[in-house]
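Here's the structure, in structure tokens; my notes come after.
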There are 2 protein chains.
Amino acid sequence: MAERAGVSRSAVSRTFTDGASVSEETRKKVLEAAEALGYHVNHLARQLRERSNIVCLIVSDVTTPVRAALLDSLTRRLQAAGKITVVLNTESDEASVGRALKLTLHYRADATVVLSGTPSSSLVQTALANGQQVILINRDDRLDGCENVGVDNAIAAREALFLLRRAGCERIGLLTSAASTPSLIARERHFFDAAEREGLSISLWKEGPTTYRSGYDAALKMFARSQAPDGVFCVTDLLALGFMDAARHAFGLRIPQDLCLVGFDNIEEAGWQSYQLTTFEQPLDRMARHVVDLLSLPEALGSSDRAAAVFEPVPIWRQSVRSHPA
Amino acid sequence: MAERAGVSRSAVSRTFTDGASVSEETRKKVLEAAEALGYHVNHLARQLRERSNIVCLIVSDVTTPVRAALLDSLTRRLQAAGKITVVLNTESDEASVGRALKLTLHYRADATVVLSGTPSSSLVQTALANGQQVILINRDDRLDGCENVGVDNAIAAREALFLLRRAGCERIGLLTSAASTPSLIARERHFFDAAEREGLSISLWKEGPTTYRSGYDAALKMFARSQAPDGVFCVTDLLALGFMDAARHAFGLRIPQDLCLVGFDNIEEAGWQSYQLTTFEQPLDRMARHVVDLLSLPEALGSSDRAAAVFEPVPIWRQSVRSHPA
DNA sequence: TTGAAAGCGGTACCAT
DNA sequence: ATGGTACCGCTTTCAA
């Protein structure tokens with residue numbers, strides 16, 4: 001202990017606590033001694049009395065552009081808010097997420113933010129019981145006691161359908177992945193609902209994981225048969241980009257003349273010259289900010305308000321959809 | 001404290017310490033009580049006696065594909081090794097990195113891994129003095145006492161030049177960004193060295209940050225004048241992809257007939273059908289594994305060996321370079 | 001095998 | 001404003 005500054009430990013503590021009363025003189029002595037000894041307050045020892053200030057991020061597939069972007073916003077903002085961000089990189093299955101969530105308990109995290117995968121309800125309950133705040137991002141299945149922040153999939157699905165119809169597409173398809181995450185399922189369901197309301201029939205295609213490769217493979221298979229679609233809503237930009245590449249390079253299809261494509265996420269790559277994908281942007285940074293707000297303002301809003309914040313996706317008009325029928 | 005299990009705290013501790021001697025009976029009692037009370041060992045309180053098990057990752061530009069990939073490997077492997085991974089998302093300037101590094105001291109991190117930016121030498125020294133291990137990734141400037149892991153930029157630069165020459169390129173260029181990170185500078189320098197050895201003159205272009213957009217803008221400017229290059233080594237895939245898009249779409253250049261391009265990193269996107277970029281892969285996962293090894297085996301290797309591990313980049317042959325002169 | 005007690009690095013309360 | 005002290009949750013000697 002740095003009390004070779006010739007003062008008590010209390011004085012040291014007060015020096016590093018803002019709003020405590022220390023004379024300028026002792027303060028200086030302490031600061032000097034600290035400098036000499038290379039002393040730094042141990043933030044984790046503080047945690048023995050108060051909150052730990054730790055926020056755990058449970059995430060999988062960090063390399064996926066959307067995920068990386070979300071992780072970026074979140075870590076930035078958490079850090080700005082003075083939180084300690086621990087990231088738990090898991091698989092997205094329930095067991096892995098469960099293990100990760102259990103770890104957060106050992107770290108005495110004040111809060112856990114789940115970016116991917118869904119923990120079992122019982123595990124969440126124990127986290128909650130341990131005084132932890134649990135925030136789920138883009139999980140449409142609400143769990144009791146969790147706070148949710150996500151994007152409005154219904155709007156995007158409806159608008160996507162509108163765009164394809166306005167373009168005069170006659171055989172509309174929906175491409176999704178075999179990985180059924182809540183938000184993907186929601187986009188699918190809302191797209192079908194909207195189509196049904198208009199008496200349209202949609203062809204559904206599910207292919208592998210949510211990757212570029214899956215989109216590519218899907219197109220390879222779809223255009224190898226008769227009755228291929230001329231307008232497709234891909235539930236993810238990554239799928240859309242792969243789909244577009246295969247349609248163009250393997251089948252010589254022109255976008256948007258022969259085929260219209262709508263994506264979702266607005267990842268960087270969607271704006272690249274080779275793609276110019278029309279898509280919907282998730283306001284990730286605003287969502288991240290909201291998460292931090294949720295952590296900071298303890299119970300400012302009524303609990304019903306907190307339970308679910310849904311952000312409106314913003315359409316990004318580029319060139320993969322015609323503005324009129326061909 | 002869970003001694004309503006009817007045992008001492010010592011017993012509880014021993015139950016959760018492997019290799020401690022507890023009778024099966026007490027063990028059971030403790031476990032039951034823990035279950036009932038929802039008790040979880042506080043890993044951060046442990047740290048008051050021993051090592052904290054915390055590893056800090058200092059990183060900027062998380063959305064950049066290489067960075068995200070590295071972060072992914074690292075977090076995965078650290079977690080597998082039982083480490084607690086705290087990520088500090090900073091800007092890459094020295095001041096930000098410095099602030100981040102200072103934070104790691106407050107968290108009593110056992111080690112800090114710097115993925116981007118370079119901390120000042122003095123700050124590193126205080127971290128070292130506090131018993132922290134500091135590992136720098138892809139910083140060619142060696143700092144005293146740090147361990148380094150990186151990729152061999154010299155080989156890649158030489159090989160890139162070879163590829164372009166074999167393709168018969170006559171006006172060879174080098175595209176880099178204005179952000180002079182050590183590894184970018186190294187690639188540039190080695191490329192020039194190699195060219196000089198062969199008596200070749202290279203045209204150098206620096207453009208903005210290390211992004212797709214910069215590559216795009218660079219091409220726009222370069223092909224707007226006479227004497228444009230017919231073979232370019234882009235120090236980063238992202239630059240190469242932007243460059244390729246502008247060359248193709250704005251100038252109708254055919255790749256590789258009219259223009260040969262070599263990148264570096266082998267990000268996912270480089271393999272996409274629209275690009276098929278010939279590039280060099282950084283063995284990120286092996287590098288990540290090495291980092292974890294460095295953390296685990298305390299002083300297994302001689303300190304000179306540890307000081308710098310350089311991995312050989314592996315060439316990824318695709319279609320952006322001709323195999324013979326046109 | 002078990003329990004008592006000391007100490008890890010802090011902060012907060014209570015006197016002074 | 002300052003110092004003394006108890007306590008946060010856990011591990012580790014040391015005796016029993």
Side-chain angles (χ1 to χ4, degrees), chain A residues 1-54 82 84 102-110 129-132, chain B residues 1-54 82 84 86 102-110 126 129-132:
Chain A
M1 186 44 167
E3 269 128 66
R4 61 157 258 182
V7 299
S8 72
R9 33 195 317 185
S10 318
V12 176
S13 174
R14 282 190 277 260
T15 302
F16 294 106
T17 308
D18 20 53
S21 67
V22 213
S23 75
E24 204 45 52
E25 192 181 358
T26 26
R27 174 190 200 71
K28 227 180 79 182
K29 278 196 290 189
V30 171
L31 255 21
E32 269 169 15
E35 181 68 28
L37 275 57
Y39 168 83
H40 294 258
V41 179
N42 184 336
H43 284 189
L44 298 177
R46 282 191 170 149
Q47 152 269 350
L48 289 190
R49 326 194 99 272
E50 347 162 14
R51 320 233 55 191
S52 70
N53 237 359
I54 292 180
I84 303 177
K102 217 166 243 165
L103 274 182
T104 69
L105 263 23
H106 290 287
Y107 304 159
R108 291 295 187 273
D110 292 343
N130 278 64
Q132 201 177 104
Chain B
M1 186 47 167
E3 270 127 67
R4 61 157 257 184
V7 299
S8 72
R9 33 195 317 182
S10 322
V12 175
S13 174
R14 283 191 275 261
T15 303
F16 294 106
T17 308
D18 21 51
S21 66
V22 213
S23 74
E24 204 45 54
E25 192 182 357
T26 26
R27 174 190 201 72
K28 227 181 80 183
K29 276 195 292 189
V30 172
L31 255 21
E32 270 168 14
E35 181 69 28
L37 274 57
Y39 169 83
H40 294 259
V41 180
N42 183 337
H43 284 189
L44 299 176
R46 280 192 169 148
Q47 152 269 350
L48 288 189
R49 329 193 96 269
E50 346 161 17
R51 319 234 56 194
S52 70
N53 237 358
I54 292 180
I84 303 177
V86 172
K102 216 166 245 164
L103 274 183
T104 68
L105 264 22
H106 290 287
Y107 304 159
R108 291 296 187 272
D110 292 343
T126 71
N130 278 64
Q132 201 177 102

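Just so it is clear: chains get the letters A, B, ... in the order the sequence lines come, proteins before strands, and each one is counted from 1. Side-chain atoms are counted along with the backbone in the values below, which use heavy atoms only and exclude waters and symmetry mates. This is a predicted model, so every value here is computed, not measured.
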Subject >> Presence of donor-acceptor pair under 3.5 Å, side chain of A:S10 and base of C:dA12 >> reply: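 Answer yes: a donor N or O sits under 3.5 Å from an acceptor.
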Subject >> hbond_proxy A:R9 side chain to C:dG10 base (donor-acceptor, 3.5 Å cutoff) >> reply: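 When only heavy-atom distances are counted, A:R9 does reach the base of C:dG10 through a donor-acceptor pair under 3.5 Å.
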[X] [atom1] - [N] [atom2] separation (whole Å):
| X | N | atom1 | atom2 | value |
| --- | --- | --- | --- | --- |
| B:R14 | C:dT1 | CZ | P | 10 Å |
| B:Y39 | D:dG9 | OH | C1' | 7 Å |
| B:R27 | C:dG3 | CZ | P | 15 Å |
| A:N130 | D:dG9 | CG | P | 12 Å |
| A:R46 | C:dA12 | CZ | C1' | 13 Å |

Original post:
Do the side-chain N or O atoms of A:R108 get closer than 4.0 angstrom to the phosphate oxygens (OP1, OP2) of D:dC10?
Top reply: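 Yes.
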The side chain of [X] lies closest to which of these nucleotides: [options]?
| X | options | result |
| --- | --- | --- |
| B:S21 | D:dC10, C:dT2, C:dG10 | C:dT2 |
| B:R49 | D:dT12, C:dG3, C:dG10 | D:dT12 |
| B:S23 | C:dT2, C:dT11, C:dG3 | C:dT2 |
| B:A45 | C:dC13, D:dG9, C:dT11 | D:dG9 |

Subject >> 5′-ward residue of the pair B:T26/A:H40 relative to DNA chain C >> reply: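 Checking each residue's closest nucleotide, the 5'-ward one belongs to B:T26.
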